[in-house]
Amino acid sequence: MSGIWGIDLGTTNSVIAQLVDGRPVPVAVGGSAIVPSVVLFDEDGRAVAGREARNLELLHPERAVHSAKRKIGTDHRYPVALAAGLREVTPEEVSAEILRALKNGAEQHGGLAVNDVVITVPAYFDDAQRRATLQAGALAGLNVLRLLNEPTSAALVYEQAGLAGDRPRTILVYDLGGGTFDVSVLEVFEGIREVKAVAGNTHLGGDDFDDMLVRVFLDHLRTHHGVDVREDARAMARLRRLAEESKIKLSQDTALRVREEFIATSSGAPVHLDVELTRRQLEALIEPLLASTIELTQRAVKDAGIGPEDIDAICLVGGSTRIPAVRDRLAAAFAAEVHEEIDPDLAVGLGAAVQAGLLQGVAVERILVDVAGHTLGIRAFGELDSGYAEEPDTFAPVLRRNTALPAERAEEFYTHVDGQARIEVTVFQGEAARCSENTRVGSFFFALEPAPAGCPVRVTFAYDLNGIIRVHVSQVGTDNAKSVALSVADAGTRAQEQQPALAERGPPTAIERRARKLLDDPAFEHKADLAVLLDAFLATHGAGRVEAEEHLLDFFFEVEADS
Ligand SMILES: Nc1ncnc2c1ncn2[C@@H]1O[C@H](COP(=O)(O)OP(=O)(O)OP(=O)(O)O)[C@@H](O)[C@H]1O
Ligand SMILES: [Mg+2]
């Protein structure tokens, strides 16, 4: 017996997925569904591929090959230092080792023979690259039913997750992986997927972002320790690994301290790396590269003969789309919804399994995904990463709509004034740029330790499958932190009501009713200010309550005097 399999043979990572009861499921190979596209030869020329090879690469960079996809279809040869001398390995042979590891892993996993497969390739791959990929499949003992374009594959899985409607839709697939950037405009209707335009850069991806951080590390080692490790292959491999790990952490955290012991020696003494990195720093480094992906995306839209307003949905594919700045830039450039509900590392592989099923006449079921139905964010209480928030009503998104759950994300904000005593964190959900037009989820105060204006405050949202968000606030550089749990399970239905989701409140007091009446009045002009004061009043208990009430009364007095 055999099963139905789809393979994403990626530059950095590969995935094998299987159709189980009509639904695509990734197979864990060597403990993970994401299999590094790295091959390592032992001294006798035997190959291992995947995670083990990636780990050993640090010790034996001279016998490891990665990113072979970049050279497939060319006459490039990889020199591999074996005991018997140098051996020249073709990109097809390297790719075949990866495919073999996927095949073996999947066979061990499910006990079924893996023979018939669909393999994905970039839409821009030319004939030589496609033939070389087929050849790699044959070398691995696979019967390749079809080569499927990666964006088509991703679109297929998004359609299966309910993105397709009852009319033709134009979908933009933005795929930023480890080594390549690909953007495609597709038209999808009733099972027909047509690629209208493609653009991209075959040498732009996460590896380049890693290189930027490696440069930061190298500079640090040079200026602080006077050492240059550029010629030290092992140190460089470690720095590259460290750079990638740091980059990935910065998608979730806004800052981190990178420490690595014994990275080199200087006059016989060990040198340790110890650097602080921030998300902003990384964003500044990669900004020109991200800008070029947006330009290419705009070009693809133009080539498809349509305008940006014609895009119905943007699907994020590739591990590098987890970088928050990628999403922010796309959201700023296009009005279309940005979708990321399918794991961006797996989308292409899952689509390949769906295609394999369709080729063999197997019924494919709808894919179910759990996503954040609304964007969650807070009222900006100072300078934003994207500029200065003058207005107290500015909504700062932290976790965007359609993010797969569970999810966790952090943002940094800055205090307004010197010695600011506290900040109020008010959580909203919704898609409007103004807090007052979104749904208020809840709020709380966070007392600050004395600090000058512009003191960074980090806000982390963790959103689980039950619709509970945990908000963690911390004052950067201190131990001062606070965690609060809020429930947003039913808040989506209250979009118009402006009701706090914190349930256990008594009936509204007279002052609250007075405030709400004004907030409901379409002619009332100072809603944002009032909303801030009302939030503060509702969230304050004990001694502060009287003060918050006074602020509200003062406000009423002022607006009445005004009118
Ligand atoms: N959370 C994250 N934040 C930032 N980058 C990430 C994150 N997770 C993964 N990456 C990066 O994503 C890249 C791998 O993406 P992916 O597996 O989609 O690439 P690939 O399909 O092998 O490459 P390609 O599409 O170029 O052939 C790596 O550079 C990795 O560091
Ligand atoms: Mg890819």
Side-chain angles (χ1 to χ4, degrees), residues 6-17 26 32-39 49-51 54 66-72 91 94-95 98 102 119-125 129 133 148-155 157 173-184 198 200-214 240-254 256 277 279 282-283 285-286 289-290 293 315-328 340 342-352 403-404 407-410:
I7 293 177
D8 168 9
L9 185 59
T11 315
T12 339
N13 295 308
S14 295
V15 171
I16 182 164
S32 165
I34 296 163
V35 183
S37 303
V38 180
V39 175
R51 197 148 302 272
R54 188 174 186 273
H66 58 88
S67 306
K69 185 173 172 176
R70 281 188 166 174
K71 301 285 187 216
I72 204 156
V94 177
S95 297
I98 298 162
L102 296 172
I119 299 180
T120 60
V121 290
Y124 62 80
F125 254 24
Q129 290 166 308
T133 305
L148 176 66
N149 284 338
E150 286 165 14
T152 311
S153 190
V157 76
V173 177
Y174 176 103
D175 182 350
L176 189 58
T180 51
F181 168 63
D182 263 295
V183 56
S184 321
V198 292
N201 181 342
T202 50
H203 288 87
L204 196 172
D207 292 352
D208 301 295
F209 307 158
D210 300 346
D211 284 346
M212 303 262 179
L213 290 182
V214 167
R240 224 170 281 122
R241 190 68 51 92
L242 204 58
E244 187 186 12
E245 285 166 7
S246 309
K247 173 191 72 177
I248 289 174
K249 285 197 189 115
L250 287 175
S251 287
Q252 223 168 70
D253 266 314
T254 53
L256 92 149
L277 286 179
R279 185 189 291 170
L282 175 64
E283 283 174 355
L285 290 169
I286 67 175
L289 298 176
L290 291 189
T293 70
C315 301
L316 296 186
V317 178
S320 299
T321 60
R322 290 219 178 81
I323 296 174
V326 168
R327 260 166 289 141
D328 294 343
E340 49 180 317
I342 307 283
D343 187 328
D345 297 304
L346 303 178
V348 171
L350 296 177
T403 306
E408 187 176 314
R409 213 147 282 162

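Start at 1 and go down the list; that is how both ligands and their atoms are numbered.
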Heavy-atom pair of closest approach, residues T321 and P344: OG1-CB, 3.6 Å
Residues T293, Y174; criterion side chain to side chain donor-acceptor pair (under 3.5 Å); working and verdict: CA-CA 9 Å; T293 70; Y174 176 103; 2.7 Å; yes
Side chain to side chain donor-acceptor pair (under 3.5 Å) between S14 and S37, intermediate numbers included: CA-CA 6 Å; S14 295; S37 303; 2.9 Å; yes
Side-chain (T180) to main-chain (T202) donor-acceptor, under 3.5 angstrom: no
Under 3.5 Å donor-acceptor, R70 side chain and G179 backbone: yes
First-shell residues of ligand 1 [heavy atom, distance under 4.0 Å]: G10, T11, T12, N13, K69, G177, G178, G179, T180, G206, E244, K247, I248, S251, G318, G319, S320, R322, I323, D345
Pairs flagged by side-chain hydrogen bond (donor to acceptor under 3.5 Å, both in side chains) wherever residues 241-252 is involved - sequence neighbours left out: R54-E244, D210-K247
